[in-house]
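Accompanying notes for the structure given below.
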Protein chains: 2
Amino acid sequence: MIEGLRETKRAATAQALAEAAFHLAKERGLDGFVIDEVAEMAGYSRRTFANHYPCKEAAVASVAYAGIEAAADALEEVSEGRPLLDAVEVVLRLQLTTTGLSRMREVLTLARAYPSLEPHVYYVQHQMRLEVEERMVAVAAGHYPASYLTLLVGAVYGMVSSALEGLVDVRLPGDLPIRGAVEFDEFLTEVFKHLRTGF
Amino acid sequence: MIEGLRETKRAATAQALAEAAFHLAKERGLDGFVIDEVAEMAGYSRRTFANHYPCKEAAVASVAYAGIEAAADALEEVSEGRPLLDAVEVVLRLQLTTTGLSRMREVLTLARAYPSLEPHVYYVQHQMRLEVEERMVAVAAGHYPASYLTLLVGAVYGMVSSALEGLVDVRLPGDLPIRGAVEFDEFLTEVFKHLRTGF
DNA sequence: GGTGAACGTGCACGATGGGCAATCTTGCCT
DNA sequence: AGGCAAGATTGCCCATCGTGCACGTTCACC
(Lines give C-alpha, C1' and ligand atoms only; values in the text may rest on other atoms or scores of the structure.)
Protein backbone atom coordinates (compact mmCIF):
# COMPACT_ATOMS: atom_id res chain seq x y z
CA MET A 1 0.00 0.00 0.00
CA ILE A 2 3.03 2.25 -0.55
CA GLU A 3 2.30 5.37 -2.52
CA GLY A 4 4.86 6.15 -5.18
CA LEU A 5 5.34 9.59 -6.61
CA ARG A 6 3.31 8.46 -9.59
CA GLU A 7 0.16 7.76 -7.63
CA THR A 8 0.66 10.85 -5.55
CA LYS A 9 0.70 13.05 -8.61
CA ARG A 10 -2.23 11.27 -10.13
CA ALA A 11 -4.22 11.81 -6.96
CA ALA A 12 -3.13 15.45 -6.94
CA THR A 13 -4.46 16.13 -10.42
CA ALA A 14 -7.72 14.41 -9.57
CA GLN A 15 -7.92 16.52 -6.45
CA ALA A 16 -7.21 19.73 -8.34
CA LEU A 17 -9.85 18.94 -10.92
CA ALA A 18 -12.37 18.06 -8.24
CA GLU A 19 -11.71 21.24 -6.30
CA ALA A 20 -12.11 23.31 -9.44
CA ALA A 21 -15.38 21.59 -10.29
CA PHE A 22 -16.62 22.02 -6.74
CA HIS A 23 -15.68 25.68 -6.70
CA LEU A 24 -17.42 26.35 -9.99
CA ALA A 25 -20.49 24.44 -8.89
CA LYS A 26 -20.83 26.56 -5.75
CA GLU A 27 -20.09 29.70 -7.72
CA ARG A 28 -22.36 29.31 -10.73
CA GLY A 29 -24.45 26.22 -10.06
CA LEU A 30 -23.91 22.77 -11.48
CA ASP A 31 -25.13 23.71 -14.92
CA GLY A 32 -23.44 27.08 -14.99
CA PHE A 33 -20.16 25.86 -16.37
CA VAL A 34 -18.69 23.33 -18.78
CA ILE A 35 -15.94 20.79 -18.34
CA ASP A 36 -13.50 22.89 -20.35
CA GLU A 37 -13.70 25.57 -17.69
CA VAL A 38 -13.00 23.10 -14.93
CA ALA A 39 -9.97 21.78 -16.77
CA GLU A 40 -8.72 25.26 -17.50
CA MET A 41 -9.10 26.37 -13.90
CA ALA A 42 -7.13 23.36 -12.69
CA GLY A 43 -4.55 23.78 -15.42
CA TYR A 44 -5.32 20.64 -17.37
CA SER A 45 -7.05 19.72 -20.58
CA ARG A 46 -10.61 18.56 -21.06
CA ARG A 47 -9.26 15.23 -22.16
CA THR A 48 -7.42 14.78 -18.88
CA PHE A 49 -10.55 15.56 -16.95
CA ALA A 50 -12.24 12.71 -18.78
CA ASN A 51 -9.36 10.44 -17.77
CA HIS A 52 -10.18 11.02 -14.12
CA TYR A 53 -13.92 11.53 -13.97
CA PRO A 54 -16.75 10.37 -16.20
CA CYS A 55 -18.70 13.59 -15.72
CA LYS A 56 -18.93 16.85 -13.82
CA GLU A 57 -21.15 15.32 -11.18
CA ALA A 58 -18.63 12.69 -10.18
CA ALA A 59 -15.91 15.30 -9.80
CA VAL A 60 -18.04 17.56 -7.64
CA ALA A 61 -19.29 14.75 -5.45
CA SER A 62 -15.80 13.39 -4.91
CA VAL A 63 -14.83 16.28 -2.68
CA ALA A 64 -17.14 14.87 -0.02
CA TYR A 65 -14.66 12.04 0.36
CA ALA A 66 -12.35 14.43 2.18
CA GLY A 67 -10.89 13.23 5.42
CA ILE A 68 -12.22 9.70 5.51
CA GLU A 69 -8.88 8.14 4.68
CA ALA A 70 -7.18 9.99 7.49
CA ALA A 71 -10.00 8.94 9.80
CA ALA A 72 -9.67 5.33 8.68
CA ASP A 73 -5.94 5.50 9.28
CA ALA A 74 -6.53 6.82 12.76
CA LEU A 75 -8.71 3.81 13.51
CA GLU A 76 -5.62 1.67 13.60
CA GLU A 77 -3.88 3.41 16.47
CA VAL A 78 -6.98 4.49 18.31
CA SER A 79 -8.23 0.94 18.65
CA GLU A 80 -5.19 -0.11 20.69
CA GLY A 81 -6.47 -1.46 23.99
CA ARG A 82 -9.91 0.02 23.65
CA PRO A 83 -13.34 -1.47 22.95
CA LEU A 84 -14.06 -1.54 19.23
CA LEU A 85 -17.14 0.64 19.40
CA ASP A 86 -15.26 3.25 21.40
CA ALA A 87 -12.61 3.39 18.71
CA VAL A 88 -15.23 3.77 16.01
CA GLU A 89 -16.88 6.59 17.91
CA VAL A 90 -13.60 8.41 18.43
CA VAL A 91 -12.79 8.16 14.76
CA LEU A 92 -16.20 9.36 13.68
CA ARG A 93 -15.97 12.35 15.97
CA LEU A 94 -12.57 13.03 14.52
CA GLN A 95 -14.08 13.11 11.06
CA LEU A 96 -16.63 15.51 12.50
CA THR A 97 -14.05 18.03 13.63
CA THR A 98 -12.08 18.09 10.41
CA THR A 99 -13.34 19.64 7.23
CA GLY A 100 -14.93 16.29 6.42
CA LEU A 101 -18.36 17.12 7.71
CA SER A 102 -18.66 20.59 6.25
CA ARG A 103 -17.59 19.33 2.87
CA MET A 104 -20.21 16.61 2.96
CA ARG A 105 -22.75 19.17 4.03
CA GLU A 106 -21.92 21.50 1.17
CA VAL A 107 -22.09 18.70 -1.35
CA LEU A 108 -25.40 17.45 0.01
CA THR A 109 -26.76 20.97 -0.21
CA LEU A 110 -25.66 21.21 -3.82
CA ALA A 111 -27.22 17.83 -4.50
CA ARG A 112 -30.54 19.04 -3.20
CA ALA A 113 -30.50 21.84 -5.75
CA TYR A 114 -29.22 19.65 -8.58
CA PRO A 115 -30.68 16.14 -8.42
CA SER A 116 -28.32 14.80 -11.05
CA LEU A 117 -25.65 15.06 -8.36
CA GLU A 118 -27.41 12.76 -5.94
CA PRO A 119 -26.43 9.37 -7.36
CA HIS A 120 -22.80 10.38 -7.24
CA VAL A 121 -23.05 11.68 -3.70
CA TYR A 122 -24.51 8.45 -2.43
CA TYR A 123 -21.87 6.57 -4.33
CA VAL A 124 -19.16 8.53 -2.54
CA GLN A 125 -20.82 7.75 0.78
CA HIS A 126 -20.80 4.10 -0.19
CA GLN A 127 -17.10 4.27 -0.97
CA MET A 128 -16.44 5.90 2.39
CA ARG A 129 -18.25 3.06 4.02
CA LEU A 130 -16.10 0.53 2.17
CA GLU A 131 -12.97 2.40 3.20
CA VAL A 132 -13.95 2.25 6.85
CA GLU A 133 -15.05 -1.35 6.64
CA GLU A 134 -11.76 -2.37 5.11
CA ARG A 135 -9.75 -0.75 7.90
CA MET A 136 -12.10 -2.17 10.46
CA VAL A 137 -11.49 -5.69 9.21
CA ALA A 138 -7.75 -5.06 9.09
CA VAL A 139 -7.79 -3.92 12.70
CA ALA A 140 -10.29 -6.23 14.35
CA ALA A 141 -10.41 -9.36 12.22
CA GLY A 142 -8.59 -11.21 14.97
CA HIS A 143 -11.27 -10.49 17.54
CA TYR A 144 -14.45 -10.56 15.50
CA PRO A 145 -15.68 -12.48 12.45
CA ALA A 146 -15.69 -10.41 9.27
CA SER A 147 -19.45 -10.82 8.82
CA TYR A 148 -19.99 -9.26 12.23
CA LEU A 149 -17.82 -6.30 11.35
CA THR A 150 -19.57 -5.86 8.05
CA LEU A 151 -22.87 -5.76 9.86
CA LEU A 152 -21.57 -3.32 12.43
CA VAL A 153 -20.20 -0.95 9.84
CA GLY A 154 -23.46 -1.27 7.96
CA ALA A 155 -25.45 -0.20 10.98
CA VAL A 156 -23.15 2.72 11.68
CA TYR A 157 -23.25 3.74 8.06
CA GLY A 158 -27.01 3.65 7.80
CA MET A 159 -27.56 5.69 10.91
CA VAL A 160 -24.87 8.23 10.17
CA SER A 161 -26.26 8.56 6.69
CA SER A 162 -29.60 9.47 8.25
CA ALA A 163 -27.89 12.07 10.37
CA LEU A 164 -26.23 13.60 7.34
CA GLU A 165 -29.57 13.83 5.60
CA GLY A 166 -30.87 15.90 8.45
CA LEU A 167 -27.94 18.25 8.25
CA VAL A 168 -28.92 19.58 4.87
CA ASP A 169 -32.10 21.11 6.21
CA VAL A 170 -30.15 23.23 8.62
CA ARG A 171 -29.74 26.48 6.75
CA LEU A 172 -28.42 29.40 8.71
CA PRO A 173 -27.59 32.86 7.34
CA GLY A 174 -24.01 32.67 8.60
CA ASP A 175 -23.71 29.18 7.21
CA LEU A 176 -21.53 28.19 10.15
CA PRO A 177 -20.66 24.53 10.14
CA ILE A 178 -20.68 24.78 13.94
CA ARG A 179 -24.38 24.48 14.40
CA GLY A 180 -24.63 21.54 12.05
CA ALA A 181 -21.71 19.98 13.85
CA VAL A 182 -23.42 20.27 17.20
CA GLU A 183 -26.55 18.61 15.96
CA PHE A 184 -24.51 15.93 14.33
CA ASP A 185 -22.70 15.43 17.60
CA GLU A 186 -25.92 14.85 19.49
CA PHE A 187 -27.10 12.50 16.81
CA LEU A 188 -23.88 10.53 17.09
CA THR A 189 -24.47 10.06 20.80
CA GLU A 190 -27.89 8.65 20.06
CA VAL A 191 -26.47 6.38 17.38
CA PHE A 192 -23.89 4.87 19.68
CA LYS A 193 -26.43 4.40 22.42
CA HIS A 194 -28.25 1.97 20.14
CA LEU A 195 -25.06 0.43 18.84
CA ARG A 196 -23.69 -0.35 22.29
CA THR A 197 -26.74 -2.34 23.25
CA GLY A 198 -27.15 -4.04 19.88
CA PHE A 199 -23.56 -4.99 19.16
CA MET B 1 -52.15 9.95 -3.33
CA ILE B 2 -54.72 8.74 -5.88
CA GLU B 3 -53.30 7.67 -9.17
CA GLY B 4 -55.06 9.04 -12.21
CA LEU B 5 -54.84 7.57 -15.66
CA ARG B 6 -52.24 10.16 -16.48
CA GLU B 7 -49.77 9.12 -13.81
CA THR B 8 -50.44 5.46 -14.51
CA LYS B 9 -49.51 5.87 -18.14
CA ARG B 10 -46.50 7.95 -17.29
CA ALA B 11 -45.28 5.28 -14.91
CA ALA B 12 -45.96 2.63 -17.55
CA THR B 13 -43.85 4.49 -20.06
CA ALA B 14 -40.98 4.80 -17.63
CA GLN B 15 -41.33 1.14 -16.77
CA ALA B 16 -41.28 0.06 -20.41
CA LEU B 17 -38.21 2.15 -21.11
CA ALA B 18 -36.45 0.82 -18.03
CA GLU B 19 -37.23 -2.78 -18.89
CA ALA B 20 -35.95 -2.30 -22.41
CA ALA B 21 -32.75 -0.73 -21.14
CA PHE B 22 -32.31 -3.48 -18.60
CA HIS B 23 -32.91 -6.16 -21.21
CA LEU B 24 -30.41 -4.66 -23.61
CA ALA B 25 -27.85 -4.20 -20.87
CA LYS B 26 -28.04 -7.86 -19.94
CA GLU B 27 -28.02 -8.88 -23.57
CA ARG B 28 -25.19 -6.75 -24.95
CA GLY B 29 -23.59 -5.08 -21.99
CA LEU B 30 -24.10 -1.52 -20.85
CA ASP B 31 -22.04 -0.04 -23.66
CA GLY B 32 -23.38 -2.39 -26.31
CA PHE B 33 -26.37 -0.27 -27.23
CA VAL B 34 -27.49 3.33 -27.59
CA ILE B 35 -30.51 5.16 -26.24
CA ASP B 36 -32.22 5.13 -29.62
CA GLU B 37 -32.35 1.35 -29.45
CA VAL B 38 -33.88 1.44 -26.00
CA ALA B 39 -36.52 3.87 -27.14
CA GLU B 40 -37.26 1.86 -30.26
CA MET B 41 -37.60 -1.39 -28.32
CA ALA B 42 -40.04 0.23 -25.91
CA GLY B 43 -41.90 1.96 -28.71
CA TYR B 44 -40.99 5.53 -27.86
CA SER B 45 -38.67 8.21 -29.15
CA ARG B 46 -35.23 9.14 -27.90
CA ARG B 47 -36.62 12.45 -26.75
CA THR B 48 -39.17 10.71 -24.58
CA PHE B 49 -36.50 8.58 -23.01
CA ALA B 50 -34.72 11.77 -22.04
CA ASN B 51 -37.93 13.05 -20.46
CA HIS B 52 -37.89 10.12 -18.06
CA TYR B 53 -34.24 9.33 -17.46
CA PRO B 54 -31.11 11.47 -17.69
CA CYS B 55 -29.03 8.57 -19.01
CA LYS B 56 -28.93 4.85 -19.75
CA GLU B 57 -27.52 4.06 -16.35
CA ALA B 58 -30.42 5.60 -14.47
CA ALA B 59 -32.92 3.61 -16.53
CA VAL B 60 -31.14 0.31 -15.99
CA ALA B 61 -30.66 0.87 -12.28
CA SER B 62 -34.28 1.84 -11.79
CA VAL B 63 -35.48 -1.73 -12.30
CA ALA B 64 -33.95 -2.61 -8.94
CA TYR B 65 -36.70 -0.52 -7.36
CA ALA B 66 -39.15 -3.31 -8.15
CA GLY B 67 -41.39 -4.43 -5.35
CA ILE B 68 -40.42 -1.95 -2.68
CA GLU B 69 -43.60 0.05 -3.00
CA ALA B 70 -45.72 -3.05 -2.57
CA ALA B 71 -43.61 -4.00 0.42
CA ALA B 72 -43.98 -0.55 1.90
CA ASP B 73 -47.73 -0.74 1.37
CA ALA B 74 -47.80 -4.06 3.15
CA LEU B 75 -46.14 -2.49 6.16
CA GLU B 76 -49.32 -0.69 6.95
CA GLU B 77 -51.52 -3.74 7.47
CA VAL B 78 -48.81 -6.01 8.79
CA SER B 79 -47.99 -3.66 11.64
CA GLU B 80 -51.49 -3.97 13.11
CA GLY B 81 -51.12 -5.26 16.65
CA ARG B 82 -47.58 -6.42 16.23
CA PRO B 83 -44.21 -5.14 17.48
CA LEU B 84 -42.68 -2.70 15.02
CA LEU B 85 -39.55 -4.71 14.39
CA ASP B 86 -41.59 -7.82 13.67
CA ALA B 87 -43.55 -5.93 11.06
CA VAL B 88 -40.37 -4.66 9.45
CA GLU B 89 -38.94 -8.15 9.35
CA VAL B 90 -42.09 -9.58 7.79
CA VAL B 91 -42.08 -6.91 5.12
CA LEU B 92 -38.41 -7.39 4.33
CA ARG B 93 -38.90 -11.12 3.97
CA LEU B 94 -41.82 -10.38 1.70
CA GLN B 95 -39.58 -8.30 -0.51
CA LEU B 96 -37.21 -11.24 -0.47
CA THR B 97 -39.75 -13.66 -1.90
CA THR B 98 -40.92 -11.41 -4.70
CA THR B 99 -38.84 -10.59 -7.73
CA GLY B 100 -37.41 -7.70 -5.75
CA LEU B 101 -34.29 -9.47 -4.59
CA SER B 102 -33.38 -11.14 -7.87
CA ARG B 103 -33.76 -7.85 -9.69
CA MET B 104 -31.48 -6.13 -7.25
CA ARG B 105 -29.02 -8.93 -7.60
CA GLU B 106 -29.00 -8.74 -11.38
CA VAL B 107 -28.51 -5.00 -11.31
CA LEU B 108 -25.70 -5.24 -8.77
CA THR B 109 -24.02 -7.84 -10.93
CA LEU B 110 -24.27 -5.54 -13.93
CA ALA B 111 -22.88 -2.70 -11.86
CA ARG B 112 -19.83 -4.74 -10.96
CA ALA B 113 -19.08 -5.16 -14.64
CA TYR B 114 -19.88 -1.54 -15.52
CA PRO B 115 -18.80 0.86 -12.76
CA SER B 116 -20.63 3.78 -14.30
CA LEU B 117 -23.80 2.04 -13.14
CA GLU B 118 -22.84 2.00 -9.49
CA PRO B 119 -23.77 5.54 -8.49
CA HIS B 120 -27.25 5.02 -9.90
CA VAL B 121 -27.66 1.69 -8.15
CA TYR B 122 -26.82 3.15 -4.78
CA TYR B 123 -29.12 6.04 -5.50
CA VAL B 124 -31.97 3.61 -6.12
CA GLN B 125 -31.18 1.87 -2.85
CA HIS B 126 -31.29 5.24 -1.16
CA GLN B 127 -34.69 5.95 -2.66
CA MET B 128 -35.96 2.57 -1.47
CA ARG B 129 -34.81 3.50 1.98
CA LEU B 130 -36.70 6.78 1.84
CA GLU B 131 -39.80 4.97 0.63
CA VAL B 132 -39.69 2.59 3.59
CA GLU B 133 -38.87 5.35 6.05
CA GLU B 134 -41.81 7.41 4.88
CA ARG B 135 -44.26 4.54 5.38
CA MET B 136 -42.69 3.72 8.67
CA VAL B 137 -43.29 7.21 9.96
CA ALA B 138 -46.83 7.13 8.61
CA VAL B 139 -47.51 3.92 10.46
CA ALA B 140 -45.66 4.36 13.73
CA ALA B 141 -45.34 8.08 14.29
CA GLY B 142 -47.90 7.80 17.07
CA HIS B 143 -45.80 5.36 19.05
CA TYR B 144 -42.26 6.48 18.36
CA PRO B 145 -40.54 9.80 17.70
CA ALA B 146 -39.63 10.35 14.06
CA SER B 147 -35.95 10.62 14.86
CA TYR B 148 -36.05 7.18 16.40
CA LEU B 149 -37.70 5.73 13.33
CA THR B 150 -35.20 7.41 11.06
CA LEU B 151 -32.39 5.86 13.04
CA LEU B 152 -34.04 2.46 13.01
CA VAL B 153 -34.57 2.50 9.27
CA GLY B 154 -31.01 3.70 8.86
CA ALA B 155 -29.67 0.75 10.79
CA VAL B 156 -31.81 -1.70 8.84
CA TYR B 157 -30.81 -0.10 5.59
CA GLY B 158 -27.11 -0.19 6.32
CA MET B 159 -27.10 -3.81 7.34
CA VAL B 160 -29.33 -5.00 4.52
CA SER B 161 -27.17 -3.06 2.12
CA SER B 162 -24.19 -5.07 3.38
CA ALA B 163 -26.10 -8.28 2.80
CA LEU B 164 -26.90 -7.27 -0.76
CA GLU B 165 -23.26 -6.57 -1.40
CA GLY B 166 -22.43 -10.12 -0.41
CA LEU B 167 -25.06 -11.48 -2.77
CA VAL B 168 -23.18 -10.38 -5.84
CA ASP B 169 -20.29 -12.65 -5.08
CA VAL B 170 -22.55 -15.67 -5.16
CA ARG B 171 -22.17 -16.83 -8.71
CA LEU B 172 -23.59 -20.23 -9.54
CA PRO B 173 -23.69 -21.86 -12.97
CA GLY B 174 -27.46 -22.25 -12.84
CA ASP B 175 -27.78 -18.68 -11.62
CA LEU B 176 -30.70 -19.63 -9.42
CA PRO B 177 -31.90 -16.81 -7.23
CA ILE B 178 -32.78 -19.46 -4.65
CA ARG B 179 -29.32 -19.88 -3.22
CA GLY B 180 -28.83 -16.17 -2.95
CA ALA B 181 -32.20 -15.94 -1.29
CA VAL B 182 -31.28 -18.52 1.30
CA GLU B 183 -28.10 -16.72 2.24
CA PHE B 184 -29.95 -13.46 2.36
CA ASP B 185 -32.48 -15.06 4.64
CA GLU B 186 -29.82 -16.16 7.11
CA PHE B 187 -28.28 -12.74 7.00
CA LEU B 188 -31.63 -11.16 7.76
CA THR B 189 -31.94 -13.32 10.86
CA GLU B 190 -28.58 -12.06 12.02
CA VAL B 191 -29.55 -8.48 11.27
CA PHE B 192 -32.70 -8.63 13.33
CA LYS B 193 -30.90 -10.32 16.18
CA HIS B 194 -28.83 -7.15 16.56
CA LEU B 195 -31.76 -4.87 15.94
CA ARG B 196 -33.95 -6.44 18.61
CA THR B 197 -31.36 -5.84 21.29
CA GLY B 198 -30.35 -2.39 20.05
CA PHE B 199 -33.75 -0.89 19.39
C1' DG C 1 -68.03 19.93 -23.78
C1' DG C 2 -64.42 23.10 -23.26
C1' DT C 3 -59.98 24.39 -21.63
C1' DG C 4 -55.56 24.34 -19.51
C1' DA C 5 -51.94 21.32 -18.14
C1' DA C 6 -49.10 17.48 -19.04
C1' DC C 7 -47.16 13.98 -22.17
C1' DG C 8 -44.90 12.38 -26.54
C1' DT C 9 -42.29 13.85 -30.51
C1' DG C 10 -39.23 16.03 -34.06
C1' DC C 11 -35.64 19.26 -34.76
C1' DA C 12 -31.38 21.53 -33.76
C1' DC C 13 -27.08 22.31 -31.56
C1' DG C 14 -23.72 22.67 -28.04
C1' DA C 15 -21.57 19.47 -24.72
C1' DT C 16 -19.76 15.07 -23.73
C1' DG C 17 -17.12 10.52 -23.68
C1' DG C 18 -13.87 7.93 -25.37
C1' DG C 19 -10.69 5.67 -29.08
C1' DC C 20 -6.29 6.59 -31.10
C1' DA C 21 -1.61 8.13 -31.48
C1' DA C 22 2.08 11.26 -30.13
C1' DT C 23 4.83 13.09 -26.31
C1' DC C 24 6.60 13.43 -21.83
C1' DT C 25 7.26 11.64 -16.99
C1' DT C 26 8.17 8.10 -13.54
C1' DG C 27 9.66 3.68 -11.58
C1' DC C 28 12.81 0.11 -11.96
C1' DC C 29 16.48 -2.59 -13.55
C1' DT C 30 21.15 -3.24 -15.14
C1' DA D 1 24.27 6.68 -15.12
C1' DG D 2 21.39 5.20 -18.50
C1' DG D 3 17.79 3.05 -20.81
C1' DC D 4 13.33 0.90 -21.05
C1' DA D 5 8.52 -0.25 -20.01
C1' DA D 6 4.40 1.55 -17.85
C1' DG D 7 1.60 5.21 -17.23
C1' DA D 8 0.00 10.40 -17.62
C1' DT D 9 -1.31 14.16 -20.41
C1' DT D 10 -2.78 16.00 -24.59
C1' DG D 11 -4.90 17.03 -29.24
C1' DC D 12 -7.80 15.38 -32.71
C1' DC D 13 -12.02 13.43 -34.06
C1' DC D 14 -16.69 11.94 -34.17
C1' DA D 15 -20.60 9.23 -32.57
C1' DT D 16 -23.61 9.97 -28.92
C1' DC D 17 -25.95 12.58 -25.59
C1' DG D 18 -28.68 16.34 -23.06
C1' DT D 19 -31.89 19.67 -23.57
C1' DG D 20 -34.43 24.05 -25.12
C1' DC D 21 -38.15 24.97 -28.18
C1' DA D 22 -42.36 24.33 -30.75
C1' DC D 23 -46.27 21.52 -31.98
C1' DG D 24 -49.91 17.97 -31.83
C1' DT D 25 -52.38 14.85 -28.76
C1' DT D 26 -54.37 13.15 -24.46
C1' DC D 27 -56.15 13.71 -19.92
C1' DA D 28 -58.15 16.05 -15.63
C1' DC D 29 -61.20 19.25 -13.99
C1' DC D 30 -64.88 22.52 -14.20
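Chain naming here is simple, since letters A, B, ... match the order of the sequence lines and numbering starts at 1 in each.
- For T13(A), no side-chain nitrogen or oxygen approaches OP1 or OP2 of dA8(D) to under 4.0 Å.
- Rounded to whole Å, atom P of dT9(C) lies 13 Å from atom CG of D36(B).
- dG18(D) atom P lies 12 Å from atom CD1 of I35(A), rounded to whole Å.
- Between R103(A) and E19(A) there is a salt bridge, with a side-chain nitrogen of the basic residue lying less than 4.0 Å from a carboxylate oxygen of the acidic one.
- Rounding to whole angstrom units, CG of residue L30(A) and P of dT19(D) are separated by 10 Å.
- One can place CG of L24(A) at 16 Å from C1' of dA15(C), the figure rounded to the nearest angstrom.
- Remark: aromatic rings of H194(A) and Y148(B) are close, center separation under 6.0 Å.
- One finds a side-chain N or O of K9(B) lying less than 4.0 angstrom from the OP1 or OP2 phosphate oxygen of dC27(D).
- Near DNA chain C, meaning a heavy atom under 4.0 Å from it, residues 44-59 of chain A has R46(A), R47(A), P54(A), C55(A), K56(A) in order of number.
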Stepwise ring pair (Phe, Tyr, Trp, His ring centres under 6.0 Å) check, Y123(B) with Y123(A): CA-CA 7 Å; Y123(B) 184 48; Y123(A) 184 49; over 10 Å; no
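- A perpendicular orientation is assigned to the rings of H120(B) and H120(A), their planes being inclined by more than 60° (bins at 30° and 60°).
- Between R10(A) and E7(A), no side-chain nitrogen of the basic residue sits less than 4.0 Å from a carboxylate oxygen of the acidic one, so the salt-bridge criterion is not met.
- Residues Y157(A) and R129(A) come closest through the heavy atom pair CD2-NH1, 2.9 Å.
- Proximity of a side-chain donor or acceptor of Q95(B) to a complementary backbone N or O of A66(B) within less than 3.5 Å is detected.
- Between D31(B) and K56(B), none of the side-chain N atoms (NZ, or NE/NH1/NH2) sits under 4.0 Å from a carboxylate O, so this pair counts as no salt bridge.
- In this structure, CG of L17(B) is placed 14 Å from P of dC7(C), rounded to the nearest angstrom.
- Over its length, the helix from dG1(C)-dC30(D) to dT30(C)-dA1(D) turns its helix axis by 50°, as judged from the five terminal pairs at each end, rounded to 10°.
- No salt bridge links E165(A) with R105(A); every basic N to acidic carboxylate O contact stays at or beyond 4.0 Å.
- The distance from atom CD of E7(A) to atom P of dT9(D) is 13 Å, rounded to the nearest whole Å.
- We find that CZ of F33(B) is positioned 17 Å from P of dG17(C), with the value rounded to whole Å.
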